[in-house]
Structure formats: C-alpha cells, structure tokens
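Have a look at the structure below before the remarks.
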Protein chains: 2
Amino acid sequence: MDALAHIRRFNRAVTRQVGALNSSFLDRGRPLGSARVLNAIGRGQGDVAKLRQALALDSGLMSRLLRGLESEGLIVVEDDPEDGRRRIARLTEAGQAEFAEYERLSDAQAADILSRHPDQTALLAAMDLIATALTRAEIEIVPCDPLDPRARDCLQHYYAELAARFEGGFDVNLSKDPEADDMRPPRGTFLLALSDGVPVGCAALKGGADYAEVKRVWIAPAARGLGLARQLMEAIEAAARDLGQLHLRLDTNSALPEAVAMYHRFGWDEIDRFNDDPYPDRFFEKRLNP
Amino acid sequence: MDALAHIRRFNRAVTRQVGALNSSFLDRGRPLGSARVLNAIGRGQGDVAKLRQALALDSGLMSRLLRGLESEGLIVVEDDPEDGRRRIARLTEAGQAEFAEYERLSDAQAADILSRHPDQTALLAAMDLIATALTRAEIEIVPCDPLDPRARDCLQHYYAELAARFEGGFDVNLSKDPEADDMRPPRGTFLLALSDGVPVGCAALKGGADYAEVKRVWIAPAARGLGLARQLMEAIEAAARDLGQLHLRLDTNSALPEAVAMYHRFGWDEIDRFNDDPYPDRFFEKRLNP
DNA sequence: GATTATTTCTGATATTAGTCAGATATCCTT
DNA sequence: AAGGATATCTGACTAATATCAGAAATAATC
C-alpha cells in the first residue's frame with residue numbers, strides 16, 4: 001500500500017469533514033462567503049485589505065459582502081485613522097452574538113470529532129502534527145509576557161519533558177528559575193512561536209549585568225524538524241542585539257543531545273561551568289556583533 | 001491551551017488545504033461540480049441515484065451536470081437493465097484519461113504535503129489516525145484473497161508487530177504458515193477491514209478437518225480502540241457458520257495481553273495446547289451455534 | 001388494472017460567486 | 001506640487017450553483 005493511497009484517503013475524509021462544517025455554517029441562513037467574512041472579522045481580522053488577502057477575494061466582491069453584513073447590522077466599517085484609504089471592519093453587538101453562534105457550531109463539531117476516537121490525546125497530537133505541517137510557512141515568532149497563559153503552557157510542556165528525560169527527574173524549584181522581570185523588556189524577552197495562534201515553541205532571554213542567558217528553548221513535538229529552533233534562536237539573538245546584550249550564555253544537559261548539537265551548529269562555543277545550578281552539565285557562550 | 005483550540009487550528013489548516021486542492025482541480029477548466037461528478041463516477045459511483053445522494057445534489061442539477069459531461073464526451077449514461085427508471089453513468093476512454101489527470105493532480109498535491117514534514121512516517125500515521133476517526137462509521141469488512149497485495153500489506157505489518165513484541169523476535173518461516181488455499185473458500189476465508197479503500201485490519205479463517213482456526217487477526221494502530229476487532233471477529237464467526245465450520249480454535253501469546261483479554265471477552269474458552277507451533281503459549285476454542 | 005411512488009429529465013428562475021473596468025480618495029515619493 | 005501607487009467602492013456582466021414545479025417513464029403495491 002503506497003503512501004499516496006493513505007494521503008488520498010486522508011484528503012477525502014477531511015474534504016467531507018470540511019463540507020459538513022460548511023453546510024452546518026449555511027444552516028444559519030447566510031451564504032458561505034458572508035459567513036467566512038464575518039468569522040474572519042470576529043477573529044480579529046478587521047483590516048479590510050488584510051481580510052481580502054486572507055480570504056483571496058476580489059475587491060469588488062469583498063466590498064459587496066461587507067455592505068451585506070453592514071445592512072444586516074452585524075458589522076460597522078470605519079475609516080482607518082492611520083491611512084485614509086484603508087477601512088476597518090468590526091463587529092457590532094449583534095455581530096458578536098452571531099459570531100459566537102458560529103464558534104459554538106464549530107466547537108460542537110470539534111467535540112464531535114474528538115469523541116470519535118478513544119485516544120483523544122493521540123488524536124490531538126496527530127492533528128497538531130498535520131496542522132503544523134500544512135501551515136509551516138506561516139509560523140510567526142512574537143514577543144510575549146512570560147506569565148501569559150500561552151507561555152505558561154509551553155513551559156509546562158518543557159518542564160514535563162525535562163522530567164521525563166533527566167534520569168533523576170526535574171524539579172523546577174531546585175533550578176534557578178529566572179524571575180519573570182528578567183525575561184521582560186528592558187532586561188530580557190520571552191518569545192513565542194505561534195502557528196495559527198497555537199503556541200508551538202518558546203525561548204527566553206534573561207537579562208543580566210555581565211551577560212544575558214538564553215533559557216527555556218522548547219519546540220512542540222509536532223513542530224520538530226521544521227527549522228523552528230533556528231528561527232527562534234535567530235529571533236532571540238536579534239532581540240539581544242536590540243537590548244544591547246552582546247554577550248550570551250546558556251546551559252543545557254547531555255541528556256538532550258539534539259540541543260547540544262544544535263548549539264554547536266549555531267555557532268555557540270562550549271565553555272566551563274559558569275553557575276551552580278544542579279541540572280545542567282554543558283555550558284555555552286556566544287558573542288554577537290553589534 | 002484547550003483541546004478545542006487545537007481542533008480549530010486543524011480545521012482551518014485543512015480547510016485551506018481542501019480549498020487549494022479544489023482550486024487546482026479548477027485548473028482543468030471544468031467547474032467544481034462537474035469535476036466532482038466525474039471523479040465520483042471514476043471511483044466507481046456510476047449509479048446516478050447513489051451519485052446524487054453521495055454528492056448531495058438536486059436531481060435537476062445532477063441531470064444537467066451529466067448532460068454537460070456527456071456532451072464533452074467524457075461519460076455515457078445508460079439505462080439500468082434492472083430498473084428502467086434508473087440510469088448508470090460510466091467513463092468513456094476520454095473520461096478515463098481525464099479522471100486519471102485528476103488523480104495525478106491530487107497525487108502531486110499529496111506528495112507536496114508529504115514533503116513538508118521531515119518525519120513522513122509520523123505524518124502518514126497521523127493522517128491515518130485522523131482519517132480513521134473521521135470515517136469510522138464507514139469501515140467495511142470484505143472478503144479478499146489471501147495473496148491480494150492489500151492482504152500482504154496487512155500481514156507484513158502483523159509480522160513486524162509480532163517481531164517487535166515477542167522477546168525472541170518472530171520468524172514467519174518457523175511458524176506454521178497456513179497455506180493460502182486453506183484461507184480461501186470453500187475451506188476458509190480471509191477478511192479485510194477497509195476504510196475508504198485502505199486496509200486497516202484483517203482476520204483469517206483457516207479451514208480444517210476437525211476444526212477451523214482463526215489466524216492473523218490484526219488491527220492497524222490508527223484504528224485501534226474503535227471496536228473494529230469485535231466487528232472482525234463477528235464477521236469471521238459468520239463466515240465460519242456459512243462454511244459449516246462450527247468448531248473454532250486459535251492460538252496466541254501472553255506477550256499480546258490485549259488479544260488474550262479480547263478472546264476471553266468475546267466468549268472464547270481457554271484450552272490446552274493443541275499444536276506444536278513454537279510461538280503461541282495460549283490456546284482458545286469456541287463452539288458456534290448453527 | 002388502477003393507484004401510488006420513484007427516478008430522471010426539462011424549463012424557469014433565483015441566488016451566490018467571481019471578474020473587469022473605471023471612479024474617487026488617499027498615501028507615498030521625488 | 002505632481003505623478004504614481006494603493007484601497008475602496010460601484011456598475012455591468014458572466015458563470016456556477018441552487019431551487020422548484022411539473023412531465024414522462026417505470027416500478028411497486030394493492
């Protein structure tokens with residue numbers, strides 16, 4: 001049985017699924033085009049130009065769809081204060097209610113899919129893997145507060161993975177957990193890799209007097225092998241330069257050979273132990289050009 | 001991060017994917033409706049009534065789409081000899097060529113998706129898991145020749161799994177490999193579980209003089225937990241009844257505890273060793289009512 | 001054999017989606 | 001300040017999709 005047969009089967013299965021979702025959307029009595037626009041606006045895509053690009057719509061069609069939603073009282077379209085040519089759409093109260101109904105429909109469908117498999121964790125992992133593969137070009141790296149729930153989410157996965165891979169386990173309380181303030185501007189930063197809003201990786205820069213430390217570099221299993229680590233490390237270095245931190249250090253562990261190999265590959269120099277944290281046994285530094 | 005966010009992301013990713021596939025289909029200069037009908041016919045859905053149901057089309061629209069394809073010379077629509085009201089569509093030679101082109105387009109896209117992830121095995125496994133979950137209601141169990149490539153495919157997976165799970169490995173040549181003839185009517189049968197044409201499980205009945213043996217019960221990892229084993233075992237028992245084999249036996253191994261538990265659960269009685277095959281160490285039998 | 005149901009087909013019509021050309025207002029660059 | 005680029009909007013048009021009503025042929029049922 002060749003691989004293509006499996007992909008064809010997958011394509012047919014999800015095509016049906018998408019068709020079912022679309023027709024359930026039509027049950028709300030609005031053509032699919034309008035529904036798509038309404039949902040995109042509800043999801044924060046208010047900028048009409050971006051909206052048009054995201055939905056690949058002709059400007060004429062877009063304009064008419066907006067007029068339609070406007071006359072239904074679901075949206076208002078206002079001039080962009082920063083650019084008189086552009087316009088920005090936002091939901092009215094009625095529009096928000098309608099958007100919430102679409103979200104409810106979509107969530108009900110999602111719950112239904114989830115209920116179709118006994119191993120929901122495996123199903124979610126499979127979905128993540130596929131969604132990441134399909135949207136790999138669109139992973140964006142954004143700064144984020146280290147206490148943001150999405151950041152906490154990444155860190156929990158990170159700690160859990162360390163606990164699983166270190167022989168003696170891992171207790172974050174025994175490690176030198178950086179203060180959140182050290183990972184916020186102007187001292188440092190915390191970066192999140194987002195794929196369609198879902199966090200799939202993180203990395204932190206912890207500011208210090210003599211040097212800055214790179215911490216908490218983690219990539220979701222579903223997103224490994226896509227070159228995301230390089231993107232994150234480059235973003236961290238760029239952030240360090242912006243903050244005037246040109247002397248970087250980090251520590252890691254031999255139990256994470258792919259991390260050790262990665263730092264070597266990315267031009268880090270291995271150095272002697274520079275702290276007394278009980279977990280790391282490998283230490284690196286890198287000096288940046290201004 | 002809750003599960004629904006992950007599913008929504010998956011939905012968006014595959015919706016885009018489906019959209020891309022659809023628009024690549026449009027590159028062949030035929031509206032999507034016609035293309036869908038042509039493909040359904042090519043995949044064996046010739047019966048116009050079933051076609052209409054499968055694609056959820058109005059009878060008027062269906063009729064016009066068929067006329068369109070007919071006037072393009074891609075299909076011929078003939079009366080159903082068994083029911084004068086019904087009609088049956090089939091591809092002409094030109095239609096088959098056109099259908100093959102669509103398959104090629106779809107395969108090219110499939111190959112492209114596959115190339116987007118470094119771990120293609122994991123990606124395929126994830127696709128299988130999802131496709132199986134989405135189409136679980138539509139798994140069909142069909143008899144099949146034991147030498148059919150799809151059967152060989154299942155058996156290879158089966159042997160590989162035994163090799164991985166038995167302490168000393170597994171060599172099919174040391175085991176009593178049933179002759180293919182014993183697993184064909186009228187002596188026995190070989191059943192395949194198909195999900196949209198892809199084999200996701202198998203089971204064999206090997207005919208014998210005193211009793212028939214159930215062999216080669218295997219479920220693809222992606223399809224486990226869906227109750228497929230019960231379906232297969234019930235189908236095997238039904239086949240045994242049809243063949244007049246009311247005394248069934250099987251052997252298995254303690255290294256496969258879920259199999260042992262399953263046979264107990266399905267009403268099999270554990271008995272003493274009844275053969276000298278080196279691999280099994282657990283033996284079962286079941287007597288069927290006629 | 002009459003009645004009812006089913007299947008397909010045709011005609012009429014409506015809605016949705018997609019395309020193109022040009023008008024207008026604004027922004028950007030020089 | 002002028003010219004070119006960009007964003008939106010409107011009008012005119014085409015194609016595709018969807019819906020409805022009824023005709024014709026056949027099957028199923030009583």
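Order of the sequence lines fixes the chain letters, A, B, ..., with proteins taken first and strands second; residue numbering starts at 1 for each chain.
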Value in whole Å for how far the P atom of D:dT17 lies from CZ of B:Arg36:
9 Å
Could you tell me whether B:Asp83 contacts a base, only the sugar-phosphate backbone, or nothing, with contacts defined as non-hydrogen atoms closer than 4.0 Å?
sugar-phosphate
Separation of atom CG in A:Asn22 from atom P in C:dA17, rounded to whole Å
11 Å
So with a 6.0 Å cut-off around CD of B:Glu78, is the heavy-atom count from everything else above 12?
yes
May I have the distance from A:Met62 (atom CE) to D:dT10 (atom C1'), rounded to whole angstrom?
15 Å
Nearest whole angstrom, please: distance from the P of D:dA16 to the CG of B:Leu69.
13 Å
Is the closest side-chain donor-acceptor distance between B:Tyr102 and B:Arg30 under 3.5 Å?
yes
State which of D:dA7, C:dG18, C:dT7 makes the closest approach to the side chain of B:Arg86.
C:dT7
When you check the phosphate oxygens OP1 and OP2 of D:dA27, does a side-chain N or O of B:Arg85 lie under 4.0 Å from one of them?
no
Interatomic distance where CD belongs to A:Gln53 and P belongs to D:dT8 [whole Å]
11 Å
Just the rounded figure in Å: distance from C1' of C:dT15 to CG of A:Leu26.
12 Å
Using the closest heavy atom to pick a nucleotide of DNA chain C for each, name whichever of B:Asp58 or A:Asp80 lands nearer the 5' end.
B:Asp58
Spacing of CG belonging to A:Leu51 relative to CD belonging to A:Gln53, to within rounding of 0.5 Å
10.5 Å
Look at the side chain of A:Pro31 and decide which nucleotide, out of C:dC9, C:dT16, D:dA16, has an atom nearest to it.
C:dT16
Look at the side chain of A:Arg64 against the base of C:dG18 and say whether a donor-acceptor pair falls under 3.5 Å; ignore hydrogens and angles.
no
Between A:Ser59 and B:Ser59, whichever has its closest DNA chain C nucleotide further toward 5' is B:Ser59
Nucleotide C:dT16, atom C1' - distance to CG of A:Leu65 in whole Å:
9 Å
Roughly how many Å is it from CG in B:Leu32 to C1' in C:dT16, rounded to a whole number?
14 Å
When you measure from the side chain of A:Ser63, which nucleotide among C:dC20, D:dC9, D:dA18 comes out closest?
D:dC9
Calculate, to the nearest 0.5 Å, the distance between atoms CD and CD belonging to B:Glu234 and B:Gln231 respectively.
8.0 Å
A:Arg67 side chain N/O closer than 4.0 Å to the phosphate oxygens (OP1, OP2) of D:dC9?
yes
So CD of B:Gln17 and CZ of B:Phe10: to nearest 0.5 Å the spacing works out to 10.5 Å
OP1 or OP2 of C:dC9 sitting under 4.0 Å from any side-chain N/O of B:Arg87?
yes
